[in-house]
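Below, all heavy atoms of this structure are taken into account, side chains as well, without hydrogens, waters or symmetry copies. The sequence lines fix the lettering, A, B, ..., with proteins before strands; numbering per chain opens at 1.
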There are 2 protein chains.
Amino acid sequence: MSVPGMRRRRGPCRALTEDEILEAALDLLDEGGPHAASVRGIAARVGVAPNAVYTYFPDKAAVIKGLVERLLGGVDHDVFADREQPWRQRVEALALELRAHLSAHPGAVPLMIGGPMNGPQALALNERLLQLLADAGLNPTDAARASYLLIVYVFGSIALEVADVHQAGPLPPESERITTREAAFSATPTEGFPGSAEAAAAMAGYVSTEQYLWGLGRILDGVTARVAPLANLTARGATTDDPEPAEMPGPAGRRGIHSA
Amino acid sequence: MSVPGMRRRRGPCRALTEDEILEAALDLLDEGGPHAASVRGIAARVGVAPNAVYTYFPDKAAVIKGLVERLLGGVDHDVFADREQPWRQRVEALALELRAHLSAHPGAVPLMIGGPMNGPQALALNERLLQLLADAGLNPTDAARASYLLIVYVFGSIALEVADVHQAGPLPPESERITTREAAFSATPTEGFPGSAEAAAAMAGYVSTEQYLWGLGRILDGVTARVAPLANLTARGATTDDPEPAEMPGPAGRRGIHSA
DNA sequence: ACAACATTTGGACGGCGTACAGCAAGAGTT
DNA sequence: AACTCTTGCTGTACGCCGTCCAAATGTTGT
């Protein structure tokens with residue numbers, strides 16, 4: 001009497017689950033950096049022989065893939081799914097949530113951008129972003145392009161940010177990282193470059209939430225400028241002392257793409 | 001008595017140079033993917049014992065660092081140094097040159113974004129970009145922020161692009177990559193997502209020069225929209241003889257990242 | 001009970017980065 | 001020229017890596 005779906009596999013019960021393996025891998029990654037997520041280390045942490053991992057994943061690449069999917073699946077979708085809020089704030093919330101969630105596991109970020117993000121969670125994220133931009137009034141083509149632009153910006157920012165700290169383990173707090181960068185850049189001679197001191201200060205501030213949100217804001221400005229030149233301004237506008245609302249880019253802006 | 005600069009080292013002549021090692025590493029990287037740049041492989045290619053590499057570089061990380069520097073040093077600075085052209089075209093030329101140059105060595109791109117880009121060539125690139133944006137009329141703070149935004153976009157785009165192809169060796173031509181992506185995305189069921197066919201086509205087109213330039217254009221739109229709506233006719237601006245200190249605010253942003 | 005199968009394990013193979021000791025080769029000194 | 005000192009390269013070895021293979025163990029179906 002074998003229920004076709006319930007048919008328990010022939011052999012002995014498995015000692016663990018895929019999720020335990022992925023969790024162990026993530027823990028090792030957080031503790032020891034990207035180098036520490038070895039099959040042997042994972043197996044030792046969950047208490048099995050090194051090659052027992054191959055019962056659950058065909059090879060290490062599959063473990064990494066599953067790990068990335070698990071990480072992407074952990075982003076809180078509710079923060080930006082509230083369609084009552086203005087869409088710009090929803091995008092900002094998504095970007096901040098992604099950055100916070102991924103920066104909490106800096107060792108996993110190089111593995112993420114090292115391989116193709118094809119998994120269901122990556123597709124779901126893209127899909128949600130597409131819908132969000134479509135809600136904002138963009139046509140499907142622009143929504144798709146803007147979606148990828150935002151993905152590139154978010155993941156590129158996070159990648160450059162976590163790549164900037166050379167030590168393993170969790171990321172130091174933002175202020176400490178900026179201070180370290182400041183010291184590093186001011187120590188470098190910067191042979192003959194103008195304004196080395198203030199340049200060091202500026203480049204140190206690259207890895208800040210403020211820079212992150214500034215770049216995101218400029219991208220959203222550029223995306224909305226051409227599609228809805230008047231309908232925005234609902235979300236938080238310019239934050240600095242620019243007097244002009246800047247309706248359209250200057251005369252150089254009309255130069256289009258080499259459109260195929 | 002020996003001239004202090006001419007003082008040849010005491011021991012026997014070195015069999016090779018650092019550049020030969022880096023070139024061999026780059027060749028291996030191009031042929032066999034990021035995995036193939038092993039110290040032993042490099043040594044075998046240049047015809048020495050595996051540990052002879054450590055005469056020239058202290059460890060493998062130094063080889064990678066030198067390799068990245070060599071790659072960044074290979075970008076043609078003349079394409080965007082022409083200050084007669086409008087600055088937007090100069091930025092586009094820089095972005096295209098960087099993409100072409102780095103995409104020619106896809107195996108090296110993960111190594112590039114895997115570590116901090118602190119080298120002199122990276123700093124020089126940043127510095128040139130800063131000056132270019134300052135020429136465009138941006139104040140130092142916005143120029144610094146826009147410079148990093150552009151760097152994030154360029155390197156993030158290239159990283160996602162080369163990470164999309166799973167096989168080693170040189171990148172297939174763009175059309176082939178798009179076709180492959182199209183097939184992959186249309187094969188995926190995309191469970192219940194709206195517009196799977198056109199979504200697949202749109203996502204396949206992400207890895208195209210057109211998408212790349214579109215995103216770059218939106219970023220430049222967003223950057224220029226708020227800072228110089230009128231003043232940037234030509235790049236022949238003031239020489240920025242006395243740049244104000246680009247006080248980049250420090251750890252002012254409080255949201256987002258903290259570890260653990 | 002028996003057979004079929006999944007799971008896990010011990011062991012091994014090749015490759016990796018790299019440390020250590022020894023040997024060859026050139027420069028400086030006598 | 002002989003000696004020494006410094007430097008470059010090699011042989012060897014250690015520990016770690018990912019992964020395969022054969023055997024042992026446990027579980028289900030007949």
Side-chain angles (χ1 to χ4, degrees), chain A residues 1-22 24-25 28-29 31-67 107 110-111 114-115 166 168, chain B residues 1-22 24-25 28-29 31-67 107 110-111 114-115 166 168:
Chain A
M1 55 185 71
S2 59
V3 184
M6 187 46 191
R7 187 178 176 275
R8 192 170 167 357
R9 293 208 271 326
R10 262 281 182 104
C13 294
R14 319 187 104 179
L16 15 92
T17 60
E18 285 96 346
D19 234 50
E20 290 180 72
I21 293 179
L22 295 182
L28 287 178
L29 225 46
E31 298 171 8
H35 176 74
S38 66
V39 178
R40 298 176 118 98
I42 297 169
R45 175 169 268 256
V46 295
V48 295
N51 38 9
V53 179
Y54 292 93
T55 308
Y56 304 88
F57 297 93
D59 52 2
K60 187 185 177 176
V63 181
I64 300 300
K65 205 178 171 80
L67 185 66
L111 306 178
H166 50 290
Chain B
M1 260 334 192
S2 54
V3 184
M6 186 47 191
R7 187 174 177 276
R8 195 179 171 344
R9 291 205 277 315
R10 265 272 188 111
C13 295
R14 322 187 96 174
L16 11 93
T17 61
E18 285 95 346
D19 235 50
E20 290 179 73
I21 294 179
L22 294 181
L28 286 178
L29 225 45
E31 298 171 6
H35 175 73
S38 66
V39 178
R40 298 176 119 98
I42 296 170
R45 174 169 267 255
V46 295
V48 294
N51 39 7
V53 180
Y54 294 95
T55 307
Y56 304 88
F57 297 93
D59 52 3
K60 187 184 176 175
V63 181
I64 299 300
K65 204 177 172 83
L67 185 65
L111 306 178
H166 50 291

CG (B:L67) and CG (B:L28) are apart, to the nearest 0.5 Å, by 10.5 Å

Taken to the nearest 0.5 Å, the spacing of B:L16 CG from B:R14 CZ works out to 8.5 Å

Taking C:dC5, C:dG28, C:dT9 as options, the one with an atom nearest any side-chain atom of A:R10 is C:dC5

Testing C:dG26, C:dT9, D:dC9 for proximity to the side chain of B:Y56, the answer is D:dC9

If we ignore hydrogens and angles and just use 3.5 Å, is the side chain of A:K60 paired with the main-chain N or O of A:A37 as donor and acceptor? yes

B:I64 CD1 to C:dT18 P, in whole Å, measures 10 Å

Its contact letters, B for base, S for sugar-phosphate only and - for none at protein heavy atoms under 4.0 Å, make nucleotides 12-22 of chain D read BB---BBBBB-

Exercise for review: Kindly say if A:R14 contacts the phosphate of C:dT7, meaning a side-chain N or O under 4.0 Å from OP1 or OP2.
Suggested key: yes

Test side chain to side chain contact (heavy atoms under 4.5 Å, CB included) on B:L22 and B:T17; report intermediate values, then the result. CA-CA 9 Å; B:L22 294 181; B:T17 61; over 6 Å; no

Separation of D:dC9 atom P from B:E20 atom CD, nearest Å, is 11 Å

Validation: residues 39-54 of chain A side-chain donor-acceptor distances under 3.5 Å, sequence neighbours left out:
from: A:R45; atom 1: NH1; to: A:D27; atom 2: OD2; distance (Å): 3.4
from: A:R45; atom 1: NH2; to: A:E31; atom 2: OE1; distance (Å): 3.3
from: A:R45; atom 1: NH2; to: A:E31; atom 2: OE2; distance (Å): 2.7

Rounded to whole Å, CD1 of A:I42 lies from P of C:dT8 at a distance of 15 Å

Ranking A:G47 and B:P12 by the position along DNA chain C of their nearest nucleotide, the one closer to 5' is A:G47

**Residue-phosphate contact under 4.0 Å: B:T55 side-chain N/O, D:dG8 OP1/OP2** = no

